[in-house]
Amino acid sequence: MKKVVKFGGSSVSDAAQFKKVKNIIESDPSRNIVVVSAAGKRFKDDNKITDLLYLCHAHLQYGVSYETIFSLIEQRYFSILNELHLSIDLKKEFEEIRNNMSVEDIDYLVSRGEYLCALLMSDYLGYDFVDAKDFIIFDYNGKLNRELTRNAFLEIMKLHTHVVIPGFYGAYRNQKIKIMARGGSDITGSILADLVDADVYENWSDVSGILYADPRIVANPKRVDRITYSELRELSYMGASVLHDEAIFPVKEKNIPINILNTNDPSNPGTMILEDCSELDKQSPPPFITGIAGKKDFTSITIYKSGISSEIGVAFQAFDILRKYKISIENMPCGIDSFSLIVSTAKVKECLYELLNDLKEALHPDHIRVLDHLSLIATVGRGMVNNPGISGRIFAELGKNNINIQTISQGADELNIIVGVKNDDFEKTIQVIYEKFIR
Ligand code: ASP
């Protein structure tokens, strides 16, 4: 069994968490490739090391002393070093960071959180430290060069069997550090799972898997046992954040399962994410809903024009105008003589009037209606496919609870039913669907 295991920021936030990680690693000999984030929050109002590093850079930029912030980072890592009696020369490492940090190179500075954490963890576990900058190689357009990465990794792994690798960064071909998007250690783990053809990619954080709904909205929601990558994409796009979006792509091709696990509750089986759940679904059929997620604050722009459905190129013109203002369309329900463009209110706010004017001039509509304070809620589930009556039951339940549905859409893959409701009905909509179909 080959495993890649990634520990998120809260799993490595202090010495006590390091101990939990060690127990997890030692309980399974196949956990020999370990990726770590930078130390995260220990408690609610604590700081993440990566945030502090960004702040140091901002201080550098404005010529203000960064010492107070930098010493918070030093304290955190020194306390792990001291409590665990580690032997890394951390003083020398911090000196080197001080000497090399510069306004011009934010990526170097911000990546040091993961770098130091991996050094400490490798010392603690007795594993070798392998720097991500030596094998995760990006082209100058920012894209991962898979071939160079694979070759460099295979070369390095001729010398090591048990390794700890810092997440979140790699390097350009000229060795200059490049960080990934925030939360990017998930992506590092996924790249490694692909490189070693892992049987499973374990992603350890502080949640016991994926929940059917946001626990801030639904009290004690149930855990999802298994979910497909596509379902997860739909849910995470709609705001359910468990895993970095881009982390799915490297493992999806090879159908490597991702297991979401909790460092603070390691015996909980968590959630398995798979490309294809059909074999397992044969043994125990999935519930028809796999999750409910949503986002608030959309604006709907509805364009009415008689005969619009037989006119060629109208949608194209509307898309082109949105492209001009760099606004993406989040959802697009259609009527016969109308269609609605649902966009993020925050993004359209500054340019709404110019945009409406352009739409009027280009499309000559009979009427345009703008609706704000709209929420979109996605009910996602592979169990809905080819299963008649589900959308009807969802709509009926919302009606019974006096929730007015303002927009409805469902793709032909039948994986996702999206309803638009007033922001004021957002929480209630999720609660009603959960109570009726999942509880
Ligand atoms: N430390 C980085 C961040 O806070 C990356 C990660 O934790 O995955 O975004």
Side-chain angles (χ1 to χ4, degrees), residues 4-14 17-18 20-21 24 33-58 69-70 72-77 80 93-94 97 101 105-122 129-133 136 138 142 144 163-171 177-194 201-207 210 232 236 239-251 258-264 273:
V4 168
V5 290
K6 179 253 162 178
F7 291 90
S10 62
S11 305
V12 290
S13 59
D14 59 17
Q17 293 301 89
F18 264 57
K20 291 183 191 169
V21 169
I24 291 168
I33 297 189
V34 180
V35 176
V36 289
S37 290
K41 292 186 181 195
R42 293 158 292 182
F43 43 87
K44 192 167 160 276
D45 294 323
D46 196 16
N47 300 304
K48 287 182 174 186
I49 295 295
T50 309
D51 291 335
L52 295 176
L53 288 163
Y54 271 109
L55 214 52
C56 276
H57 182 263
I69 314 249
F70 200 74
L72 292 175
I73 302 168
E74 287 178 317
Q75 278 164 29
R76 180 84 75 93
Y77 283 135
I80 296 175
E93 294 293 342
F94 275 112
I97 297 173
M101 68 206 253
D105 199 352
I106 184 167
D107 287 29
Y108 166 76
L109 179 56
V110 169
S111 68
R112 295 305 84 186
E114 268 72 10
Y115 169 82
L116 293 171
C117 194
L119 272 183
L120 292 169
M121 186 59 84
S122 61
F129 169 82
V130 168
D131 199 343
K133 84 166 180 9
I136 296 194
F138 294 99
L144 179 76
V163 293
V164 177
I165 296 161
F168 185 45
Y169 71 93
I177 300 256
K178 176 185 157 26
I179 52 168
M180 301 171 186
R182 290 302 304 264
S185 301
D186 281 343
I187 307 172
T188 308
S190 186
I191 293 171
L192 278 153
D194 168 37
Y201 165 25
E202 291 183 348
N203 192 293
W204 294 82
S205 66
D206 56 355
V207 290
I210 294 165
L232 186 69
S236 55
S241 63
V242 181
L243 195 66
H244 195 288
D245 264 8
E246 288 172 49
I248 293 172
F249 296 112
V251 287
I258 306 176
N259 194 183
I260 306 288
L261 293 155
N262 188 349
T263 303
N264 306 318
I273 311 169

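Please read all numbers here as calculations on a predicted model, not as lab measurements. In each ligand, atom 1 is the first atom listed, and ligand 1 is the first ligand listed. Positions are given from 1 along the sequence. Values below: every heavy atom of this structure, side chains too, minus hydrogens, waters and symmetry copies.
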Colleague: Is it true that the side chains of Asn259 and Asn203 contain a donor and an acceptor less than 3.5 Å apart?
Modeller: no

Colleague: If you define the side chain from C-beta out and look only at heavy atoms, does anything of Val164 sit under 4.5 Å from Val130?
Modeller: no

Colleague: Would you confirm whether Thr188, through its side chain, and Gly167, through its main-chain N or O, come within 3.5 Å as a donor-acceptor pair?
Modeller: no

Colleague: Quick one: list whatever passes side-chain contact (heavy atoms from CB on, under 4.5 Å) with Asp131, sequence neighbours left out.
Modeller: Tyr115, Phe129, Lys133, Asp134, Pro166, Tyr169

Colleague: Does Leu52 have any side-chain contact (heavy atoms from CB on, under 4.5 Å) partners at least two apart in sequence or in another chain, and if so, which?
Modeller: Asn47, Ile49, Ile69, Leu72, Ile73

Colleague: So, using salt bridge (charged side-chain N to carboxylate O under 4.0 Å, His left out) as the criterion, who are the partners of Asp194 when residues are at least two apart?
Modeller: Arg146, Arg150, Lys254

Colleague: Can you tell me which residues line ligand 1 if we count any heavy atom under 4.0 angstrom from one of its atoms, in chain and number order?
Modeller: Ser37, Thr50, Glu114, Phe168, Arg182, Gly183, Gly184, Ser185

